[in-house]
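Only this structure's heavy atoms are used, side chains among them; waters, hydrogens and symmetry mates stay out. Residue numbers start at 1 and run along the sequence shown.
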Amino acid sequence: MISLTSPVRTRAHSWPAGAKLGALAVAGIALFVFDTLPAQLGAFAGMLGLYALPGRLFLRTGIERLWMLWPFVAIIGLFHLVTQTWLEGLLILLRLVTAVGLANLVTMTTPLDDMIAVIRWLATPLRRFGLNTRALELSIALVIRILPTLIDNGQRLTQSWRARSRRRPGWQIVMPFTLLALDDAEHMADALRARGGLVDKKGDFDGT
């Protein structure tokens, strides 16, 4: 799988993962509390500024990863244009892009092992009740790891469609994309089974 970690080393890479996730949670709450256009525009500009600080390569990489939001932006924008509620739509879009952008900043500057360590620490109370949290930790790690692969599959399908047709790709690539995603999931399941699944010594979860 491809890692979401940035190829550019920044100061934020050395910050504690828990602190960054905590700041992300506070920022997410603030985006809903301060529900005004100036506040949302300021948050959006601040998010872009954080991407620009480490340099052009980091900024370009971050924007490329945010580009996957364009279908949601198009659908939400079109709906609010049709219903003539453009101000509400603009607030929603700014909040969406800013929130995802900030979350992407955290994943770009945080090694996956550090993320899993935070999840393991947060799940400590569950383990005290005898619950196995290994499945939760691994599931979140797999989601983070597989996202770039899904994005790459979508981009390759789009390029293949454009090479064969003058029309824009739409619903025609949904089925092949779904099949590719299922194939990747099957490969991951086989790899987990080959390594013993998610069974711990107590054997309370086998990952199958």
For the side chain of [X] and the backbone of [Y], is there at least one donor-acceptor N/O pair under 3.5 Å apart?
{"X": "Q40", "Y": "L31", "result": "yes"}
{"X": "T98", "Y": "R95", "result": "no"}
{"X": "K20", "Y": "L105", "result": "no"}

Out of curiosity, [X] [atom1] to [Y] [atom2], how far, rounded to the nearest 0.5 Å?
{"X": "E88", "Y": "I76", "atom1": "CD", "atom2": "CD1", "answer": "13.5 Å"}
{"X": "L94", "Y": "L96", "atom1": "CG", "atom2": "CG", "answer": "9.5 Å"}
{"X": "Y51", "Y": "M108", "atom1": "OH", "atom2": "CE", "answer": "6.0 Å"}
{"X": "I29", "Y": "L24", "atom1": "CD1", "atom2": "CG", "answer": "10.0 Å"}

Shared hydrophobic cluster, [X] / [Y] (ILVMFWY, side-chain heavy atoms < 4.5 Å):
{"X": "I63", "Y": "L41", "answer": "yes"}
{"X": "L48", "Y": "F34", "answer": "no"}
{"X": "F72", "Y": "F32", "answer": "no"}
{"X": "V106", "Y": "W121", "answer": "yes"}
{"X": "V118", "Y": "W15", "answer": "no"}

Looking at every heavy atom in both [X] and [Y], which two are closest together, and how far apart are they?
{"X": "A52", "Y": "L59", "answer": "N-CD1, 4.1 Å"}
{"X": "A17", "Y": "T110", "answer": "CB-CG2, 3.6 Å"}
{"X": "L102", "Y": "A27", "answer": "CD1-CB, 3.9 Å"}

Do L53 and T10 have side chains that approach each other closer than 4.5 Å (heavy atoms only, starting at C-beta)?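 Sidechains of T10 and L53: no contact.
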Considering only heavy atoms from C-beta outward, does the side chain of F44 approach that of L93 to under 4.5 Å?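 Heavy-atom side-chain distance check fails, nothing below 4.5 Å.
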Dump the intermediate steps for side-chain contact (heavy atoms from CB on, under 4.5 Å) on I92 and H80, then the final yes or no. CA-CA 10 Å; I92 292 173; H80 285 280; 3.6 Å; yes
Can you list the residues that meet the side-chain hydrogen bond (donor to acceptor under 3.5 Å, both in side chains) rule with S14, with sequence neighbours excluded? none
